Amino acid sequence: MSSSPAISPLEVEAIRETTAQNLAEVLDEHGAHADLAWLERGALMLLPAFDDPDMPDEARQALPDALEERADGPAATMLAALRDYGRAPLARMAGAALERLAQRGMEATAWDEGRELALDEVRHCHVGDRELMLATVRRTGENSVQAALVELEHWESGPVVVGGMLTDPAPAAEASALLDSQPAEMTRLERDDAVVTLQDALEHMAGYDVALPGELCPVVPILARALTGDAHGLGELHYDLPDADERAVEAWMTDFNARPRAERDRVVGPAMDRMVAGAGPARRPSSAGARRAKRKATRTARKRNRR
């Protein structure tokens, strides 16, 4: 039996409520006018936290549930992105929510029509012990392109991905301007060579337990799909994310305890029911503390191992 502490129904409910609120703040303001790339980026930015093996499934379910409850086109698009980019069990949860929406007549039409990514070209250059790789990709049937830039450093132990960015869809001329702005002339790199370069770096990082910087969560999966045709084609990705802000949960609990008892009962009852219907109380995996320690060690190693 695991000695890790169980997550209480109220903690799970706090995660569910804050997830729904945060999604509403973003999608209510931008969702109706958002294009596919914007919604895909949004899903990818949420993915590392909810795809984390340390997150109990009871809390993980909060994201697909919040999107399913919205029952609109943008939410369906984000669920489809989570299904295609995520790992089990999040991918399975998102897929099931998407199927239920389809039964209600809400299809992820935008994702189905524009999900395919085609690689235009890859260019790279070396600047000291750094290597810059820039790939331009476009969606089927679109003229605009997105540029995905990654920066690698060659440490004494091997290559490490240390930064990058993803542009919004724009005319190809703007991607050319990005090429021109780099500190050295960029030369063409064959697709297979680009795959090997990134796979070598990611395998080296995994061997030394060095995680990808969190800001790369919208970049590397798109590169993987464009280069290999598979969101997981570069291997399993792990990101260096800040630990969850427990103050947010504490603030929710303070607010919850100030609510009328009848309202609190309406929250606690369904929360308990969800746990009883599942596999018992959600537990924090015993590896959670070790992973947090590794994240801290990763940040220290970056400073120590750079030339």
Side-chain angles (χ1 to χ4, degrees), residues 27 30-48 73-86 91 94 98 107-125 131-152 161 163-182 184-199 201-202 212 215-235 237:
L27 292 179
H30 304 287
H33 308 290
D35 60 15
L36 179 61
W38 189 92
L39 294 167
E40 178 182 53
R41 183 195 294 264
L44 287 171
M45 291 178 71
L46 292 167
L47 190 63
T77 296
M78 291 184 70
L79 278 170
L82 292 172
R83 177 199 62 196
D84 291 355
Y85 281 109
L98 198 59
E107 303 276 355
T109 305
W111 183 258
D112 293 338
E113 293 177 351
R115 65 182 298 273
E116 296 300 327
L117 290 174
L119 179 70
D120 271 10
E121 65 172 354
V122 186
R123 291 183 175 271
H124 77 138
C125 67
E131 181 176 0
L132 300 177
M133 182 185 300
L134 180 67
T136 50
V137 303
R138 72 176 73 230
R139 298 185 189 278
T140 303
E142 292 190 6
N143 294 323
S144 59
V145 301
Q146 284 182 275
L149 175 72
V150 293
E151 177 185 354
L152 299 93
V161 180
M165 61 175 288
L166 177 70
T167 67
D168 293 329
E174 293 191 18
S176 298
L178 185 58
L179 281 170
D180 295 338
S181 70
Q182 299 310 310
E185 183 179 356
M186 304 195 85
T187 59
R188 187 178 181 86
L189 186 66
E190 295 299 323
R191 180 196 299 258
D192 290 346
D193 292 333
V195 171
V196 169
T197 296
L198 289 173
Q199 285 180 336
L202 294 171
L212 285 162
E215 66 267 21
L216 286 176
C217 60
V219 183
V220 179
I222 284 180
L223 266 178
R225 284 186 57 208
L227 290 170
T228 71
D230 180 359
H232 309 285
L234 294 177
L237 306 176

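This structure is a prediction, so every number in the text was calculated from the model and none was measured. Just so you know, residue 1 is the first one in the sequence shown, and it goes up from there.
- Listed for the Glu116 side chain is no donor-acceptor partner under 3.5 Å among the backbone atoms of Gly229.
- Between Glu121 atom CD and Leu134 atom CG the span is 8.0 Å, to the nearest 0.5 Å.
- With salt bridges taken as basic N to acidic carboxylate O contacts below 4.0 Å, one links Glu40 and Arg139.
- If you take SG on Cys125 and CD on Gln182, they are separated by 6.0 Å, rounding to the nearest 0.5 Å.
- The distance from the CE atom of Met45 to the CD atom of Glu215 is 10.0 Å, given to the nearest 0.5 Å.
- The two residues Val161 and Ala201 come nearest to each other via the heavy atoms CG2-CB, 4.0 Å.
- Contact check for Leu198 versus Met133: side-chain heavy atoms found under the 4.5 Å cut-off.
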Applying side-chain contact (heavy atoms from CB on, under 4.5 Å) to His232 and Leu237, what does each step give before you reach the verdict?
CA-CA 8 Å; His232 309 285; Leu237 306 176; over 6 Å; no
Stepwise, does the side-chain contact (heavy atoms from CB on, under 4.5 Å) test hold for Arg83 with Leu98?
CA-CA 9 Å; Arg83 177 199 62 196; Leu98 198 59; 3.1 Å; yes
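- Considering every non-hydrogen atom in both Gln146 and Asp168, the closest pair reads CG-C, 3.9 Å.
- You'll find the side chain of Leu132 reaches within 4.5 Å of the side chain of Met186, heavy atoms only.
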Pair Val137, Val145 - check side-chain contact (heavy atoms from CB on, under 4.5 Å), show working.
CA-CA 5 Å; Val137 303; Val145 301; over 6 Å; no
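- Taking all atoms of both residues into account, the shortest heavy-atom contact from Ala108 to Ala76 is CB-O, 3.7 Å.
- For the pair Ala110 and Leu36, the tightest heavy-atom approach, listed with the atom from each and the gap, is O-CD2, 3.8 Å.
- The backbone N or O of Asn143 lies less than 3.5 Å from a partner atom in the side chain of Arg138, making a donor-acceptor pair.
- Here the side chains of Leu27 and Met78 are in contact, with some heavy-atom distance below 4.5 Å.
- Arg115 CZ to Thr77 OG1: the interatomic distance, rounded to the nearest 0.5 Å, is 12.0 Å.
- Of all the heavy atoms in Ala37 and Pro169, the pair that sits closest is CB-CG, 3.5 Å.
- Under 4.0 Å is where a charged nitrogen must lie from a carboxylate oxygen, and between Asp230 and Arg225 no such pair does.
- Side chain to side chain, Asp84 and Trp111 meet the donor-acceptor criterion of an N or O pair below 3.5 Å.
- The minimum heavy-atom distance between Val122 and Ala135, with the atom names listed, is CG2-CB, 4.1 Å.
- Checked by atom type and distance alone, the side chain of Glu151 never pairs as donor or acceptor with a backbone atom of Gly164 at under 3.5 Å.
- Separation of atoms NE2 (His124) and CG (Leu152) is listed at 11.0 Å; rounding is to 0.5 Å.
- Residue Leu223 holds its CG atom at 8.5 Å from CG of Leu119, rounded to the nearest 0.5 Å.
- Listed for the Thr167 side chain is a donor-acceptor partner under 3.5 Å among the backbone atoms of Ala147.
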